[in-house]
**Student:** 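This is the structure, below, for whatever I ask next.
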Amino acid sequence: METIRIEDAKNYVGQEVRLGAWLRNKRGSGKMQFLQLRDGTAFMQGVVVKEEIGEEIFAKAKALKQETSMYLIGTIRADDRSAFGYEMDVKDLTVVGESEGYPITPKEHGTDFLMDHRHLYLRHLQPFAVLRIRTTLINATYEFFNQEGFIKLDAPILTGSAPEGTTELFHTEYFDSDAYMSQTGQLYAEAGAMAFGRVFTFGPTFRAEKSKTRRHLTEFWMIEPEMAWMDQAASMEVQEKYIAYLIQAVLDRNQYELDLLGRDQALLKSYTQLPYPRMSYDDAIALLKENDFDVEWGADFGSPEETFLANHFAKPVFITNFPKAIKAFYMKRHPDRDDVVISADLLAPEGYGEIIGGSERDTDYDYLEQRIKDQGLDLQEYQWYLDLRKFGSVPHAGFGLGLERMVTWVTGEEHIREAIPFPRTMNRLWP
């Protein structure tokens, strides 16, 4: 007898199989028990009929507690009434692991309670669907960049300086020196691009920003491609192609999970239509003012502004050429204006805001040296980075995508904490 996984049930209709599963919930009567089963791949119902399996097995099924693990033997059959489409007529079951007093019962629980029990809450419908979609986005990321001729470059997590000049870093002692948890792999990716042409980093990053918004985590994952011999216009074409590829991968591979979440798949499909609109920062400020936003040129956009701009187009939109004063020191000056840099943020609609930030990188050694000094950074700590401008520098551009923001948008979740297995926020370092 073959042991199967629930997601493969469609291949075994009419066959007797064995299944290892946990009990999510159950209901029934003195004659039948309906077991809601899960095994990490999908959710399915097992039907236990007393007159078919006998008193002893039926009593065992009736006594099962939530999250008991077991082996079940039964026949798979199609059932159009089921959201999954298939059920098991159970013939026998063997308890493997007892469960008593499982805390997340089938009722409403508060967010703090669910986060305190995140190690158990991972078993439930919502995190199941969200984190399986996260896996698709990770796999599709590797596929896309492999197809586009990139190599993966692993940037260090421990660094001796702040790559973007911020003080919002986690400090640690590194033997007899100070070190910081990395906030980006980008500067190292630039070194990689000068060696390999096209690279991407994909790893954990850390921001000690004291923010409690629904878009912020203190530990998250970033995908940061860097491309030699490329300007910002070409980089934006790579960015939108990448986003469309990710969304299509989820539509192709995660229909079941999207259905569990109630996500509008037609709406997601509309986000794969390219190109995305482009709007300059100047025009964005003008549009916001026309719609009664109290915002002046030179200000960075907050959540309300980003939400309005993306919803105005009803699809992702690039906002280009931001003021130099609010962007990182390495961004390239605009050839016609010294007060803006050649950059773009990609804003997602439906209130999800910035998911990509990118720019062309400046290649002028003296200019970058002065920018580093102007921002009060230690020039010696950035000397290796300046070396990239001394020995055969070329035009290059890159961008960074926050994985959890992408997951949150694609799944339609309200808060970014749902997009990572164990979220780290200002007030959460456990479990």
**Student:** Under 3.5 Å, side chain of T320 to main-chain N/O of A344, donor-acceptor pair present?
**Tutor:**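 Pair absent, no side-chain N/O of T320 close to backbone of A344.
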
**Student:** Using a 4.5 Å cut-off on heavy atoms from C-beta on, say whether the side chain of F43 contacts that of L260.
**Tutor:**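 Result yes, sub-4.5 Å side-chain heavy-atom pair found.
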
**Student:** When you look at CZ of F313, are more than 12 heavy atoms from neighbouring residues, nucleotides or ligands closer to it than 6.0 Å?
**Tutor:**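 Correct, the count exceeds 12.
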
**Student:** How about M44 and L19: do any of their side-chain heavy atoms sit closer than 4.5 Å?
**Tutor:** yes

**Student:** Return the minimal non-hydrogen interatomic distance between A189 and V199, and the atom names on each side.
**Tutor:** O-CG2, 3.4 Å

**Student:** Who pairs with W22 by side-chain contact (heavy atoms from CB on, under 4.5 Å), at least two apart in sequence or on another chain?
**Tutor:**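 Scan of W22 (side-chain contact (heavy atoms from CB on, under 4.5 Å), adjacent residues dropped) gives R38, E67, S69.
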
**Student:** Taking R134 for its side chain and A419 for its backbone only, find out whether a donor-acceptor pair lies under 3.5 Å.
**Tutor:** yes

**Student:** Does a side chain donor of either T363 or R361 reach within less than 3.5 Å of an acceptor in the other side chain?
**Tutor:** no

**Student:** Using 0.5 Å steps for rounding, measure from the CG atom of D374 to the CD atom of E369.
**Tutor:**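 It is 10.5 Å, given to the nearest 0.5 Å.
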
**Student:** Answer yes or no: are there more than 12 heavy-atom neighbours, outside Q380 itself, under 6.0 Å from its atom CD?
**Tutor:** no

**Student:** Under the side chain to side chain donor-acceptor pair (under 3.5 Å) rule, collect the residues that match up with R424, sequence neighbours excluded.
**Tutor:**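 R424 satisfies side chain to side chain donor-acceptor pair (under 3.5 Å) with no other residue.
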
**Student:** Heavy atoms only: give me the nearest M406-I243 pair and the separation to one decimal.
**Tutor:** SD-CD1, 3.9 Å

**Student:** With respect to E413, which candidate in I416, V410, T411 satisfies the side chain to side chain contact (heavy atoms under 4.5 Å, CB included) definition?
**Tutor:** T411

**Student:** Going by heavy atoms in the side chains, are K152 and F145 under 4.5 Å from each other?
**Tutor:**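 They are not in side-chain contact.
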
**Student:** Hey, what's the ring geometry for Y271 with W409, parallel, tilted or perpendicular (30° and 60° as the breaks)?
**Tutor:** tilted

**Student:** Kindly give the heavy-atom pair with the smallest separation between A193 and A228, and that separation in Å.
**Tutor:**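 What the structure gives for the nearest pair is O-CB, 3.7 Å.
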
**Student:** Please examine the side chains of L35 and L72, heavy atoms only from C-beta on, and report whether any two atoms are closer than 4.5 Å.
**Tutor:** yes

**Student:** Heavy atoms, side chains only, cut-off 4.5 Å: are E224 and L187 in contact?
**Tutor:** no

**Student:** Main chain of P421, side chain of R118: is a donor-acceptor contact present, judged purely on distance under 3.5 Å?
**Tutor:** yes

**Student:** Any side-chain to backbone donor/acceptor pair from R428 onto F422? Under 3.5 Å, distance only.
**Tutor:**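 Between the backbone of F422 and the side chain of R428 there is no qualifying donor-acceptor contact (under 3.5 Å).
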
**Student:** Taking only residues two or more places apart in sequence or in another chain, which ones pass salt bridge (charged side-chain N to carboxylate O under 4.0 Å, His left out) with E350?
**Tutor:** R263

**Student:** Strictly by salt bridge (Lys or Arg N to Asp or Glu O under 4.0 Å), give each pair with a member in residues 304-329 just once, sequence neighbours left out.
**Tutor:**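 Every salt bridge (Lys or Arg N to Asp or Glu O under 4.0 Å) pair that includes a residue of residues 304-329, provided the two are not neighbours, is R215-E306, K324-D338, K327-D345.
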
**Student:** In Å and rounded to the nearest 0.5 Å, what is the CD1 to CG distance from I355 to L347?
**Tutor:**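 Those atoms lie 8.5 Å apart.
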
**Student:** For H117, enumerate each residue passing the ring-ring contact (aromatic ring centres under 6.0 Å, His included) test, keeping only those at least two apart in sequence or located in another chain.
**Tutor:**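 F113.
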
**Student:** E190: which residues meet the salt bridge (charged side-chain N to carboxylate O under 4.0 Å, His left out) condition with it, sequence neighbours left out?
**Tutor:** R389

**Student:** Distance under 6.0 Å and angle within 45° of the ring axis: does R18 meet both against Y71?
**Tutor:** yes

**Student:** Going by the rule ring-ring contact (aromatic ring centres under 6.0 Å, His included), which residues pair with H124 if we only count those two or more places apart in sequence or in a different chain?
**Tutor:** Y102, Y121

**Student:** Please confirm whether the backbone N or O of E354 pairs with a side-chain atom of R405, one donor and one acceptor, at under 3.5 Å?
**Tutor:**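 Answer holds: yes.
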
**Student:** To the nearest 0.5 angstrom, please state how far the CD1 atom of I247 sits from the CD atom of Q265.
**Tutor:** 12.5 Å

**Student:** Answer yes when E240 and R278 have at least one side-chain N-carboxylate O distance shorter than 4.0 Å, and no when they do not.
**Tutor:**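 Salt bridge present between E240 and R278.
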
**Student:** If you define the side chain from C-beta out and look only at heavy atoms, does anything of L346 sit under 4.5 Å from L401?
**Tutor:** no

**Student:** Parallel under 30°, tilted from 30 to 60°, perpendicular over 60°: which one fits the rings of F170 and F206?
**Tutor:**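 Judged by the thresholds at 30° and 60°, the geometry between F170 and F206 is perpendicular.
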
**Student:** Test side-chain contact (heavy atoms from CB on, under 4.5 Å) on H334 and D336 and set out the steps.
**Tutor:** CA-CA 6 Å; H334 195 281; D336 301 323; 3.6 Å; yes

**Student:** Could you tell me the separation between the CD atom of Q183 and the CZ atom of F220, rounded to the nearest 0.5 Å?
**Tutor:** 8.5 Å

**Student:** Strictly by side-chain hydrogen bond (donor to acceptor under 3.5 Å, both in side chains), give each pair with a member in residues 72-81 just once, sequence neighbours left out.
**Tutor:**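 Residue pairs passing side-chain hydrogen bond (donor to acceptor under 3.5 Å, both in side chains), neighbours aside: R77-D79, R77-E87, R77-D89, D79-R81.
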
**Student:** Which heavy atom of A78 sits nearest a heavy atom of V13, and at what distance?
**Tutor:**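 In this case the closest contact between A78 and V13 is N-CG1, 4.1 Å.
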
**Student:** Ignoring hydrogens and geometry, is there a side-chain-to-backbone donor-acceptor pair from R5 to D39 under 3.5 Å?
**Tutor:** no

**Student:** According to ring-ring contact (aromatic ring centres under 6.0 Å, His included), who are the partners of F144, at least two apart in sequence or on a separate chain?
**Tutor:** Y242, Y245

**Student:** To the nearest 0.5 Å, how far apart are CZ in F128 and OH in Y256?
**Tutor:**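 Rounded to the nearest 0.5 Å, the CZ-OH separation comes to 5.5 Å.
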
**Student:** Side-chain contact test, heavy atoms from C-beta onward, threshold under 4.5 Å: evaluate it for M222 versus T201 and give yes or no.
**Tutor:** no

**Student:** Would you call D364-R333 a salt bridge at under 4.0 Å N-O?
**Tutor:** yes

**Student:** Mind checking what makes ring-ring contact (aromatic ring centres under 6.0 Å, His included) contact with W297, not counting sequence neighbours?
**Tutor:**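 Per chain and number, W297 pairs via ring-ring contact (aromatic ring centres under 6.0 Å, His included) with Y281.
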
**Student:** Indicate yes or no for a side-chain donor-acceptor contact from T135 to the backbone of L131 under 3.5 Å, with no hydrogens or angles considered.
**Tutor:**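 The answer is yes, because a donor-acceptor pair under 3.5 Å joins these two groups.
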
**Student:** Could you pull out all residues at least two apart from K241 that satisfy salt bridge (charged side-chain N to carboxylate O under 4.0 Å, His left out)?
**Tutor:** E148

**Student:** Does any part of the side chain of R417, heavy atoms only, come nearer than 4.5 Å to the side chain of T111, both counted from C-beta?
**Tutor:**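 With C-beta onward as the side chain, the pair touches.
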
**Student:** Closest heavy-atom contact between L158 and M181?
**Tutor:** CD2-SD, 3.9 Å

**Student:** Begin with the C-alpha distance, continue with both residues' side-chain angles, and end with the deciding distance and a verdict on ring pair (Phe, Tyr, Trp, His ring centres under 6.0 Å) for F202 and Y142.
**Tutor:** CA-CA 9 Å; F202 191 166; Y142 282 97; 5.6 Å; yes

**Student:** Grab the two heavy atoms, one from P423 and one from M115, that are nearest each other, plus how far apart they are.
**Tutor:**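 Closest heavy-atom pair between P423 and M115: CG-SD, 3.8 Å.
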
**Student:** With sequence neighbours excluded, what pairs up with E296 under the salt bridge (charged side-chain N to carboxylate O under 4.0 Å, His left out) test?
**Tutor:**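 Per chain and number, E296 pairs via salt bridge (charged side-chain N to carboxylate O under 4.0 Å, His left out) with K289.
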
**Student:** Nearest 0.5 angstrom please: S359 OG to I342 CD1, how far?
**Tutor:**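 So the OG of S359 and the CD1 of I342 are separated by 9.0 Å.
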
**Student:** Report, as yes or no, whether the 6.0 Å neighbourhood of atom CD on Q255 holds more than 12 heavy atoms from other residues, nucleotides or ligands.
**Tutor:**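 For Q255, atom CD is not crowded (no more than 12 foreign heavy atoms under 6.0 Å).
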
**Student:** Backbone N or O of Q232 within a donor-acceptor pair of the E360 side chain at under 3.5 Å?
**Tutor:** yes

**Student:** Say whether, by atom type as modelled, one donor and one acceptor occur between the side chain of E404 and the main chain of W221 under 3.5 angstrom.
**Tutor:**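 Side chain of E404 to backbone of W221: a pair is present.
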
**Student:** Could you walk me through whether Y330 and Y382 pass the side-chain contact (heavy atoms from CB on, under 4.5 Å) test, one step at a time?
**Tutor:** CA-CA 11 Å; Y330 49 74; Y382 292 88; over 6 Å; no

**Student:** Compute whether any side-chain donor of one residue and acceptor of the other, for D252 and Q248, lie under 3.5 angstrom apart.
**Tutor:** yes

